Structure formats: C-alpha cells, structure tokens
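Predicted model, so just to flag it, every value in this text is computed and none were measured. Lettering follows sequence order; numbering is per chain, from 1. Just so you know, these numbers use all the heavy atoms, side chains as well, and skip hydrogens, waters and symmetry mates.
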Amino acid sequence: MTDPAEGIIDKPADSRYVFRARKGLNEEIIREISGQKKEPGWMLEKRLESYRIFLGKPVPTWGPDLSRLDFDEIIFYIRPEDYKAMRWEDVPEDIKKTYDALGIPETEKKYLAGLVAQYESEAVYTNLKKAWDSKGVIFTDMDSAVREHPELVKEYFMTKCVPATDNKFSALHGAVWSGGSFVYVPKGVKVEIPLQTYFRMNTRSFGQFEHTLIIVEPGAEVHYIEGCTAPRYSVSSLHSAVVEIFVKDGARARYTTIQNWSTDVYNLNTKRALVYENGIMEWVGGSLGSGVTMLYPASLLVGKGARAEHLNIAFAGKGQNKDTGAKVILMAPDTSASITAKSISKDGGRSVYRGLVKITGNATGARAHVECQSLMLDDRSSVDTIPIIEQFTPQSSVGHEATVGRIDEEQLFYLMSRGVSRDDAVALIVRGFIEPVAKELPMGYAVELNRLIQLEMKGA
Amino acid sequence: MPLLEIEALHVEIEGKKIINGLDLTINPLEVHALMGPNGSGKSTLSYAIMGHPRYKVTGGDIRFNGASILHMPVDERARLGIFLGFQYPMEVSGVSVENFLRTAAEAKERKDVPILAFHRALLKRAEAMSIPQSFLDRYLNEGFSGGEKKRNEVLQMAVLVPKLAVLDEIDSGLDIDALRLVAEGVNRLIHEDRLSLLLITHYQRVLEYIEPGFVHIMVGGRIVKSGGYELAQQLDKMGYEWVREA
Ligand SMILES: Nc1ncnc2c1ncn2[C@@H]1O[C@H](COP(=O)(O)OP(=O)(O)OP(=O)(O)O)[C@@H](O)[C@H]1O
Ligand SMILES: [Mg+2]
C-alpha cells in the first residue's frame, strides 16, 4: 500500500528515510513506533496510557489560538537511516550543510565532536567524551537510555516531574515521543564542558517530540545546551518537546536553548525542573522563529533554599505569536527565584509574557523577582504582560517590574552622530537589548543568536 | 574656503523659535569658543549643525566645505567629518564602548575593521587619556560619572578623527586633572590631525588649555558679540549683564 503522504514529502531530497509514518494518530501507529524502536513492553504500556489521556483532554484555550492545529494532518514518526556515527567524518553531509548554513564557527565544531545530534526524530549519532564516561556521566539519546538504563528511566521518565496527565501536549508527547537526550550526572561530579545537542526538523507536517531527561545528583553540576533550526515549509507542523530536569540537593543545572523553528511550526513545549534543597536551576533561552510558540519553563522549588533563575529572550516578527514566560512555584522555606523576560516585536508580531509565581504557605522567607522588558520596533506590533502572582505566606516577597519600550530617538541620534547608519544603529540598540541573554550563552551561540536576530530584523 | 559657514540660521523646536538669524564662519584650523547664558541656544545650535531631526531649520543655511548639508541625515554629516561632543551623552545599555566605536569606525571607513588592530589602536588612545581598559568593555555611558562621560566623548572623537568638532560643555563635570587630560587630547587632534573646533563652554578655565582664536557670545539665539580671547576673560569677571545691555 502506498503512503498518501509520500507525494508531498519531497522537498528534503537528500534525507534518507527508511520508514515513514502516515499522518494522524491511532493506537496502531503508537505500537509501530514502539516496535521500530524495539522498546520494552513497559514503555509501550506507558505510551498507550498517555494516548488514552491525550484523547480525554481538550486543547488548551487559555493561550494563543490553536484552532488551526489539525492532529490528523501531522506526521508523528519518521526514522532516519539506522546508523550511529561516532566521528565527525561520519556525520551525514546534509547535516554538515545545516551547520554551515547556521554559520557555526570552526571552534564550535570541536564541541560537536562530543554532541548527541538529533536528525529527524532520532539521534543520528552519539559520541560521548571519554572523560565523562570515566566519571560515570551518562549522556546519550533517550531511545538508547530506555534500553540501557531502564531503572533510571522508569523512575524519572514522565513520573513526578512532567506526568502525561499534566496537559494535552504532554499526554500526546508521552504517546509519540521519539529521540531527545538523556543526561545523568552522579553525585558530586561537575561537568565542565557543556553538553550540546542540535535538533533539526526536516519534513512537512511532521511533529517532533523529543524527550530530554536530565538527572543531576546531589552536589553535581551540569550545563546542557540545545539549539535547533528548520527549513521553511508552508504546511503547519508541530513541535512538542518535553524536558524534565531533576536538580538534587546542592546540585546545579543550567539548561540553555536557542530555538529557531520555521514560521509554520507550532512550538508547544513542556519544560520543567524539580529543584531540591539548596539546588540551583538556571534556564537560559532564546526563542526565534515559529508561528505560534507556547513556552513557559517551570521550576518547582521543593527543597529548602532552592533557587531558580529564568532568563529568556523572544523575538516575534511578522505573523508570529510568542507566548512565553516562566512558572515558578516556591514550595519550601528560603527558596528564591528571579525571572527576566525580554521580548522584541516587529512587523505586527505579538509577544506575550505569561508568568506564574506562586509562593505556598510554608515557603517562609521566599523571595521572587520578575522583570519583563519589551522592545517594540513599530506600531503594528503588540506586547502583553500577564504576570500572575500568588502569595500564600506574608513572610515572603515578590517584586515585579515591566517596561515596554520603543527605540529611543535620542539614542538613535547619538549613535548616528558617530556616522553609524540608522539600520546599524537600530541593530546596535537591539543587540544591546538582548546582550544580558547573549552574554550568558557560550560564544558560538551568542554569535548565532545575534546573527539570527539581525536576519529577523531584515525580515529575511 | 571656510570649513563651516552658518548663514542667517533660524531653528525651531516644537514650534518654539530658538535660533533667530545666526551667522558663524569657521575656517580650517580655527578654534572658536561659544559662550552665553543658560537657555541662549548653544546646544540647539550644536544639534542643528549635527542634524537632529527634531530641531527644524526654518531659515538660512549651514554649509560644510562649501556645500549645504541641511538635506543630510545625521550619519552622513558625521561621515563628512563633523563630530558633536554631547552636553548630555546618551546611555546605551548592552553596547560596549569598544564595539560601538568599532561599528562607527567601520561606518567611516566603509569596510570591516580588523578587531585586533582596532583594539590596539583604541587602547593607545585610551591610555593617552588615562582611560583604563576596563572602561572600554563597559556599556556606553551606562553608570558613567559625569566626568567619565565627557572623557568618553573625547575618546570617541580621537578615534573618529573628524575635521570639525563641536564640543558642548566638554569641561563641565571634569576634575582638574581630567580637564587637563581632555584638553591635551583635544590639542593633539588640533595639532596632529588638523581639527577645527567650536567649543561651547561657560568657563574661561578650559580656554586656558585650549586657546581659541575667536570668542562669540550668544544671547537669545543670536551671536551678539565676537572677539578674541580677551572677551572670555572679560566675561569671567563681569558676567553677561553688560553684553545684554550692549
Ligand atoms: N526639546 C525641547 N523642547 C522644548 N524646548 C526646548 C527643547 N530643547 C531646547 N529647548 C529650549 O530651547 C532653549 C535653548 O536651549 P539650549 O539647550 O540650546 O540652551 P543652551 O544655551 O545650551 O543652555 P545651557 O547653557 O543651559 O546648556 C531653552 O529655552 C530650552 O528650554
Ligand atoms: Mg547647552
């Protein structure tokens, strides 16, 4: 039987798929996905249960308009050629081309030697640095983790952090998830070089559901980075990832991401960290591209003295709706959180900061600070700030500041008075605006973020 | 040919007439001082020369090297070689002094400027003015003291090497040592790079370091008196009353 989707999926000509799923979703497809991956029975059970939860939940209506998202039009699973590359020379040419198109500098390709890359919906190759191995650090793709570390996966995968019951998209994710990364850092181990992953999505109407699970044992430290880019297509696609992070007592985790999906993509994610006593969780994000983005990394501060820092920059250009923010629940004494959300809107783009800070009754001495800064580059664009603050103990403090700015004509005049053109002066001011985020990124990513924003500014 | 010729200039801001028929000619290598009471229109004149879009020229002309520049936007005027040292320099968050200056140098040269070579040249300029290296990594004027902002203006001028600089109260807020360093920086440009200068100031002190050939007094949007260096000394002793009465 021929696949009705076959005819449409012809653009990424040099991608070599050996299996292509049909559009839409049913139990049979889920069984196929699980079978293709040679998964143990418990994972298949988990998928099927998630699917039942998915069917029973409505599409959320409290945020951006998702009415044009048609689950019957989505392709839920594609598998790339079944091999894993261990060396740079083995990385497929078209992936290298994508890196080049991204302008990834030579220095960063060194990092790439130790990355887990996801091409289409599965990790194409895994090359874990030997040093990490010797310390007991696990950095592998999620599919392998299911087979090789079932005990850890059973305990942490969509259980206490992001259960399938959390929302419609986490349930869908639980049913069709594929690929992603698994990171385990043993007690007291500090991983100095960031762990990096690139994702890429390359087929029309193709949902990408990678799952990232990061476990940082007490006193350990890790910095995990992922970034993605996609070619442009005209048919709506869905990206719905789940990220689960466990930051144990006195541990520290940083999760950095730059996302740049093509503008027809629905980017609807659930990213959450559970932070235990004196643990520190840092989220650093740059959100470009996509049609509709819903992204609110969450930190649940469950242990005394736990801390969360959220830093995000969103760019909303023509036809884009960036609904981003943060969710922090301070559930123990002396917990603290700081949220900095920046947005740039242009050409009718819409950015919304949607944030929740909740301080529970027993979180005495908890402190939270929220700062939203929006830059509007023209009158057609719009900005909204929806901060929700719930404070259930008077012995805590929450501060909130929001500013909406335009390019300051006096600043422009000052910069231009040194001979800089208007466009370059605007670009300088915009770069300055994102600098607090860019400076938290590794060098190559900072350059890339600036480049992507300059491209967006030109409306490319 | 005169470097700058201002003829019967009229300038308005938000419908308010500020400059009312001002004439001023600056020849190459000349240093002119412009003095006058608060609100007399000195900064307005500097903005009009530089081409601030909110300051509307409603009459007269400004010529640079013989050609009118009134139609030119500010960046073009800058690239012609006009520099304005601001009375109140703007703060630009997230943009480092060095990155900004390199962008400006690239705009002037119309080509990419090698990062390392530029860095070395900038360091040399900064050292000459006792500006520490850390200053160059800081965001443009953000959190700078009044005096640091003024030094930063002169550093920018030294990097861009203009033909004509309008320095608006470059001496205000400077301590005695800083004033000397800044003045030395300006003098070096005058002697080595043939800089011509319009120096706006309230105090005779800076003129002891940067000696003007001409001193003009501006009142009510016009130059009411011009003379030599002795005019500044006279003002220092007697204030503006006698000029107003004249
Ligand atoms: N943006 C503006 N809007 C309204 N009035 C303005 C504006 N800019 C300047 N003015 C007015 O124009 C007049 C001249 O101002 P200007 O700043 O040129 O004076 P100045 O001679 O530089 O004074 P000072 O010695 O205090 O620096 C003042 O009365 C001032 O209030
Ligand atoms: Mg003034």
Side-chain angles (χ1 to χ4, degrees), chain A residues 103 105-107 284 286 311-313 315 340-344 371-375 377 401 403-441 443 446-447 449-451 453-454 457, chain B residues 46-55 72-97 99-110 113 137-142 149 152-153 155-163 165-166 168:
Chain A
E106 216 57 42
T107 53
V284 180
L311 184 57
N312 192 64
I313 175 95
F315 185 102
T340 306
K342 287 177 163 261
S343 72
I344 300 169
E371 196 166 324
C372 304
Q373 296 168 352
S374 314
L375 185 59
L377 296 182
E401 284 167 51
T403 54
V404 179
R406 281 160 200 284
I407 295 279
D408 182 344
E409 288 298 322
E410 297 301 323
Q411 277 186 347
L412 265 189
F413 178 69
Y414 183 66
L415 298 177
M416 289 171 71
S417 79
R418 300 327 187 208
V420 175
S421 70
R422 189 179 184 89
D423 285 351
D424 287 347
V426 169
L428 271 173
I429 292 171
V430 169
R431 267 179 86 148
F433 182 76
I434 65 172
E435 171 66 14
V437 180
K439 77 166 197 263
E440 293 299 326
L441 298 171
M443 185 62 178
V447 170
L449 178 69
N450 272 319
R451 219 178 70 87
I453 290 200
Q454 302 306 335
M457 296 273 299
Chain B
S46 73
Y47 284 140
I49 294 171
M50 200 70 237
H52 195 302
R54 289 206 302 147
Y55 291 75
M72 285 185 183
V74 48
D75 53 320
E76 255 178 69
R77 296 187 198 195
R79 291 195 298 267
L80 275 187
I82 304 176
F83 181 90
L84 171 58
F86 284 65
Q87 183 176 0
Y88 304 110
M90 295 299 298
E91 298 185 2
V92 187
S93 191
V95 178
S96 76
V97 172
N99 273 342
F100 170 52
L101 279 176
R102 198 175 59 246
T103 308
E106 283 174 348
K108 187 181 166 224
E109 306 287 329
R110 292 173 189 282
V113 169
D137 296 329
R138 287 175 62 184
Y139 297 152
L140 199 54
N141 293 317
E142 195 176 71
K149 285 184 183 170
N152 185 26
E153 292 294 286
L155 175 68
Q156 292 181 43
M157 177 173 74
V159 169
L160 296 172
V161 199
K163 296 190 179 76
V166 181
D168 194 353

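The most heavy-atom pairs under 4.5 Å with chain A, out of B:Leu160, B:Leu80, B:Val74, come from B:Val74. Between chain A and the options B:His52, B:Lys108, B:Arg79, the largest number of non-hydrogen pairs under 4.5 Å is found for B:His52. When the candidates B:Met90, B:Met50, B:Gln156, B:Glu76 are compared by the number of heavy-atom contacts under 4.5 Å with chain A, B:Met90 comes out ahead.
Nearest heavy atom pair, residue A:Val420 against residue B:Ala107, reads CA-CB, 4.0 Å. The two residues B:Glu91 and A:Gln411 come nearest to each other via the heavy atoms O-NE2, 2.8 Å. Nearest heavy-atom pair, A:Arg418 versus B:Leu84, reported as atom, atom and distance to 0.1 Å: NH1-O, 2.5 Å. Taking both residues in full, the closest heavy atoms of A:Gly419 and B:Ala78 are given as N-CB, 3.2 Å, listed atom of the first, atom of the second, then distance.
Aromatic rings of A:Phe413 and B:Tyr55 (six-membered ring for Trp) have centroids beyond the 6.0 Å cut-off, not under it.
For the atom pair B:Ser96 OG and A:Glu435 CD, the distance stands at 8.0 Å (nearest 0.5 Å).
Checked options B:Leu140, B:Thr103, B:Asn99; the residue passing with A:Leu428 is B:Thr103 (criterion: side-chain contact (heavy atoms from CB on, under 4.5 Å)).
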Criterion side chain to side chain contact (heavy atoms under 4.5 Å, CB included) on B:Val95 and A:Ile429, from CA distance to verdict: CA-CA 7 Å; B:Val95 178; A:Ile429 292 171; 5.8 Å; no

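Contacts between A:Ile434 and chain B at a heavy-atom distance below 4.5 Å are absent for every atom of the residue. Of the atoms belonging to B:Pro162, not a single heavy atom falls under 4.5 Å from chain A.
At most 12 heavy atoms of other shown residues, nucleotides or ligands fall within 6.0 angstrom of atom CZ in A:Arg431.
Considering only heavy atoms from C-beta on, B:Phe86 comes within 4.5 Å of A:Ser417 through its side chain.
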